Undergrad: 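One structure follows; several queries about it will come next.
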Amino acid sequence: MSVVLNFKSHISELFAQALREVAPDAAQIDILIERPKQVSHGDYACNLAMQLARPLRKSPRDIAQALIAALPASDVIEKVEIAGAGFINLFLTKAAKQAIVHAVLHAGACYGHIHLGAGRKLQVEFVSANPTGPLHVGHGRGAAVGDCLCNVLHAAGWNVTREFYYNDAGAQIENLMRSVQLRCKGITPDDPSWPEGGYRGDYIADVARAYMARETVEADDQRTTGKGEVDDEVAIRHFAVAYLRREQDLDLRAFNVEFDVFSLESALYSEGKVEETVGRLIASGHTYEQDDALWLRTTDFGDDKDRVMRKTDGGYTYFVPDVAYHLEKWRRGFVRVINEQGADHHSTITRVRAGLQALDIGIPKGWPDYVLHQMVTVLKNGEEVKISKRAGSYVTLRDLIDEVGCDATRYFLAARHPDSQLVFDIDLAKSKTNDNPVYYIQYAHARISTVLETWGGERLSLLQADFGLLDSEYETALLQLMIDYPQVIESAAQDLAPHLLAFYLKDLAAAFHSYYNASRFLVDDEAVKCARLALIAAAAQVMSNGLALLGVSAPEKM
RNA sequence: GUGCCCAUAGCUCAACCGGAUAGAGCACCAGCCUUCUAAGCUGGGGGUUACAGGUUCGAUUCCUGUUGGGCACACCA
């Protein structure tokens, strides 16, 4: 029999054919195939008949009859039923489901890779923290969500570039340099002369010490040696940026996140990109002069008021280099760009898009995409920890990794919808007990590893097992979940919602744990044993593939 | 005051672009280890999906308003 892997699209095509026959005029209607919540409603369901009821002016059940009669034959479908108000429920043959085991074992680490992106170039910009201090929990959420999103999009067939953009020249960097310089002179934040906005964290003293000691620091994108001269502001600025960038790189590495490209805001100025962008915006006719400033008519593109581009002092406002930066992204050939950032930056979306539209060079309206994550509140000892860079009191990403572990931290931060605010309870996550959902999934994987190790046979031989023996409700549930996996990747990629993967893996682990408790695998009957081992080996493969996308390890033992 | 996001079990969160009886975990109650890992499993109680309207065969989902929480509202970045 033919092997079908994507049942949803297969069934969708069958209905498309039936639709052309039953209602040729309505052929453009969207065919939605869904997984019913109840087992008795079949493996897949279609609501097409109900959608057609109005245009055809017939009862849904009559239309369902006609659709079923026109449905082309398929050897993966066992039976088709009409239910409820006019749902068409489809049941797959056992053989069609059982074939998934072979498919998973055969594809191995590639199972779940789909061709949605068709190799097109896509860029995800995330974290993008300015080098003025250590990464905090909010950056951690960005790192976890962004990196997982990259992994998912890669699995979905996109050619993904991970990019980190930072400002190495603005007012905050000046502030940073000043704070380090004062520390070099032995002045501390409790001194009355300490500037209002100066950075007060202890790490500033570390930077100063290293600079005075003429240490050499090497970040992923730069390398500098401290000069040890208190009055050389350029050297201090350089050193401080490199030092803090290196700290961030170390944190990110410990968090299992790596970037392909680092972009500097200063480069946009030094390479003339900002000037060029301004020139183009003026030429396109969407700007005007008023009150000695240059304005962009962003209201032409949905903004609620126009924005200043060039201030009266001649400097540009922050969104101008942002537009220049995105123009560069466009020129670099990214069909799709996704910016993952904190929700506190949401006001830039309209301005950047408006600027790109104003350039009038054919950039699509909704380009680039944004994923904004809401704030993270940290709870420690039952109390909220206030985050303040200036005061130097906040929970760093490093603190979390050290206390909670990389796996759990990544899971916690990525397993929620980015749109909802997140409470990170350190004490809860720190307690190495069963409260931590990531252990639940890892435990399932470790259990399977142990069983396979105890068996000790050649795993490749499992490909020859008789999958027809996989018949129990537990086995069927596992089969169906493994069939769903590629669809989860597709949804997560399309909705830019990596948390779906985390929830899926919990379901998969739950199905396995139930199975584990209900039946034994290492039984005397050789055929049954091989079939069951093949099934759980496939389940472990899917868990391992999914955990890898989350950036979480899949341990053999726990 | 204006704009964006959110509101689902006591707590932390799901719900496949409008579907069938709204689901998990934690906590609570009752069971399951001489067997491949009990970091597990099985069963139970717990809901007017913030509130009020509207759209239709059908709404947690879409629209309007109200309430409550978060964020952003400079010629700061």
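These values consider heavy atoms only, across backbone and side chains, with no hydrogens, waters or symmetry-generated copies. Here is how names work: the chains are called A, B, and so on, in the same order as the sequence lines, proteins then strands, and each is numbered from 1. It should be emphasised that the depicted structure is a prediction, and the values quoted were computed from it without experimental measurement.
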Undergrad: For A/Glu265, answer base if it contacts any base atom (sugar-phosphate contacts may also be present), sugar-phosphate if it contacts only those atoms, and nothing otherwise; contact means non-hydrogen atoms under 4.0 Å.
TA: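 Result for A/Glu265 = sugar-phosphate.
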Undergrad: Using the C1' atom as the point on both nucleotides, what is the distance between B/C51 and B/C13, in whole Å?
TA: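 My reading of the C1' atoms in B/C13 and B/C51 gives 23 Å.
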Undergrad: Rounding to an integer number of angstrom, what distance separates B/G19 and B/A59 when you compare their P atoms?
TA: 11 Å
Undergrad: B/G40 and B/C33: how far apart are their C1' atoms, nearest whole angstrom?
TA: 10 Å
Undergrad: May I have the step-by-step check of side-chain hydrogen bond (donor to acceptor under 3.5 Å, both in side chains) for A/His326 and A/Arg353, ending in yes or no?
TA: CA-CA 9 Å; A/His326 283 85; A/Arg353 284 182 180 160; over 6 Å; no
Undergrad: Using a heavy-atom cut-off of under 4.0 Å over every strand shown, decide if A/Ser59 touches base, sugar-phosphate, or nothing.
TA: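 No contact.
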Undergrad: Can you measure A/Tyr443 atom OH to B/A39 atom P for me and round it to whole angstrom units?
TA: 5 Å
Undergrad: Among residues two or more places apart or on two chains, list those pairs meeting side chain to side chain donor-acceptor pair (under 3.5 Å) that have a residue in residues 289-299 of chain A.
TA: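 Sorted pair list: A/Thr298-A/Asp303, A/Thr299-A/Asp306.
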Undergrad: What distance separates A/Thr317 OG1 from A/Arg307 CZ, expressed to the nearest 0.5 Å?
TA: 9.5 Å
Undergrad: Just label B/C6 as syn or anti from its O4'-C1'-N9-C4 or O4'-C1'-N1-C2 angle, using within 90° of 0 for syn.
TA: anti
Undergrad: Taking only residues two or more places apart in sequence or in another chain, which ones pass side chain to side chain contact (heavy atoms under 4.5 Å, CB included) with A/Ala64?
TA: A/Ala49, A/Ile82, A/Ile88
Undergrad: May I have the distance from A/His445 (atom NE2) to B/C36 (atom C1'), rounded to whole angstrom?
TA: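 To the nearest whole Å, that distance equals 16 Å.
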Undergrad: Mind checking if A/Ala446 touches a base, just sugar-phosphate, or nothing, with heavy atoms under 4.0 Å?
TA: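 Counting heavy atoms under 4.0 Å across all strands, the contact made by A/Ala446 includes a base.
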Undergrad: Please determine, for the side chain of A/Asn130, which listed nucleotide (B/C6, B/C36, B/A77) has the closest atom?
TA: B/A77
Undergrad: In this structure, how many angstroms lie between the C1' atom of B/G23 and the OH atom of A/Tyr504, rounded?
TA: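 Answer to the nearest Å: 18 Å.
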Undergrad: Please state how far atom CG in A/Asp322 lies from atom P in B/A77, giving the value in whole angstrom units.
TA: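 Checked: the CG to P distance equals 11 Å.
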Undergrad: If you take any heavy atom closer than 4.0 Å to RNA chain B, which residues from residues 39-51 of chain A end up in contact?
TA: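 Nucleic-acid contacts, sorted: A/His41, A/Ala45, A/Asn47, A/Met50.
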Undergrad: List in chain and number order the residues that pass side chain to side chain contact (heavy atoms under 4.5 Å, CB included) with A/Ala343, two or more places apart in sequence or in another chain; answer none if no residue qualifies.
TA: A/Leu372, A/Gln374
Undergrad: Which sits closer to the 5' end of RNA chain B, A/Thr348 or A/Glu556, going by the nucleotide each is nearest to?
TA: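 Comparing both residues, the 5'-ward one is A/Glu556.
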Undergrad: If you measure from the C1' atom in B/C62 to the same atom in B/G1, how many Å do you get, rounded?
TA: 28 Å
Undergrad: Whole-Å distance between B/C4 C1' and A/Arg353 CZ?
TA: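 Whole-Å distance recorded here is 12 Å.
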Undergrad: Take atom CZ of A/Phe87 and atom C1' of B/U21, then tell me their distance rounded to the nearest Å.
TA: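 Rounded to whole Å, this separation is 12 Å.
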Undergrad: One thing to verify: whether A/Glu163 and A/Lys329 come together as a salt bridge, which I'm taking to mean a side-chain N less than 4.0 angstrom from a carboxylate O.
TA: no
Undergrad: Determine the interatomic distance between P on B/A9 and the same-named atom on B/A14; round to the nearest Å.
TA: 13 Å
Undergrad: Categorize A/Tyr440 for me: base, sugar-phosphate, or nothing, with a 4.0 angstrom heavy-atom threshold over every strand shown.
TA: sugar-phosphate
Undergrad: I want to check a possible cation-pi pair here: A/Arg447 against A/Tyr516, using under 6.0 Å from ring centre and within 45° of the ring axis as the test.
TA: yes
Undergrad: Looking at A/Lys79 and A/Glu81, is there a salt bridge between them, counting it only when a charged N and a carboxylate O are closer than 4.0 Å?
TA: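 A salt bridge links A/Glu81 with A/Lys79.
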Undergrad: When you compare B/G54 with B/C73, how far apart are their C1' atoms, in angstrom units rounded to a whole number?
TA: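 B/G54 and B/C73 have their C1' atoms separated by 32 Å.
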Undergrad: If the P atom of B/A52 is compared with that of B/U60, how far apart are they to the nearest Å?
TA: 13 Å
Undergrad: Please classify the nucleic acid contact of A/Asp303 as base, sugar-phosphate, or nothing, using heavy-atom distances under 4.0 Å.
TA: nothing
Undergrad: Does any pair with a residue in residues 486-508 of chain A pass side chain to side chain donor-acceptor pair (under 3.5 Å), and if so which ones, sequence neighbours excluded?
TA: A/Asn6-A/Gln487
Undergrad: What pairs of residues pass the salt bridge (Lys or Arg N to Asp or Glu O under 4.0 Å) test when at least one of them lies in residues 30-49 of chain A, not counting sequence neighbours?
TA: A/Arg35-A/Asp484, A/Asp43-A/Lys97
Undergrad: Can I get a per-line list of side-chain donor-acceptor pairs under 3.5 Å for residues 411-419 of chain A, giving both atom names and the distance, sequence neighbours left out?
TA:
residue, atom, partner, partner atom, Å
A/Tyr411, OH, A/Ala502, O, 3.4
A/Arg416, NH1, A/Phe412, O, 3.2

Undergrad: Crowded around A/Lys8 NZ? As in, over 12 foreign heavy atoms under 6.0 Å?
TA: yes
Undergrad: Produce a footprint string for nucleotides 10-16 of chain B: one letter per nucleotide, 5' end first; B if the base is under 4.0 Å from any protein heavy atom, S if only the sugar-phosphate is, - if neither.
TA: --SSSSB
Undergrad: If a protein heavy atom is under 4.0 Å from the base, mark B; if only from the sugar-phosphate, S; if neither, -; do that for nucleotides 71-76 of chain B going 5' to 3'.
TA: BS--BS
Undergrad: Counting only side-chain heavy atoms from C-beta out, which of B/G40, B/A38, B/U21 sits nearest to A/Asn517?
TA: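 Within the option list, the nearest is B/G40.
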Undergrad: Answer yes if the ring centres of A/His286 and A/Phe301 are under 6.0 angstrom apart, and no otherwise.
TA: yes
Undergrad: Could you state the atom-to-atom distance from CD1 of A/Ile441 to C1' of B/G40 in whole Å?
TA: 14 Å
Undergrad: How is the base pairing of RNA chain B summarised as a dot-bracket string, given the Watson-Crick and G-U wobble criteria with both distances under 3.5 Å, [ ] for crossing and | for another strand?
TA: (((((((..((((.....[...)))).(((((.......))))).....(((((..]....))))))))))))....
Undergrad: Relative to the 5' end of RNA chain B, which residue comes earlier, A/Leu522 or A/Asp419, by the nucleotide with the nearest heavy atom?
TA: A/Asp419
Undergrad: With a 6.0 Å cut-off on ring centres, are A/His345 and A/Tyr370 close enough?
TA: no
Undergrad: What residues form a salt bridge (Lys or Arg N to Asp or Glu O under 4.0 Å) with A/Arg237, not counting sequence neighbours?
TA: A/Glu174
Undergrad: Taking atom C1' of B/C32 as reference, at what distance in whole Å does atom OH of A/Tyr516 sit?
TA: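 These atoms are roughly 14 Å apart.
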Undergrad: Please state the P separation for the pair B/G10 and B/G46 - nearest whole angstrom.
TA: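 After rounding to an integer number of Å, I get 11 Å for this pair.
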Undergrad: Could you list the residues that satisfy side chain to side chain contact (heavy atoms under 4.5 Å, CB included) with A/Val39, not counting sequence neighbours?
TA: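 Partners of A/Val39 by the side chain to side chain contact (heavy atoms under 4.5 Å, CB included) criterion come out as none, since no residue qualifies.
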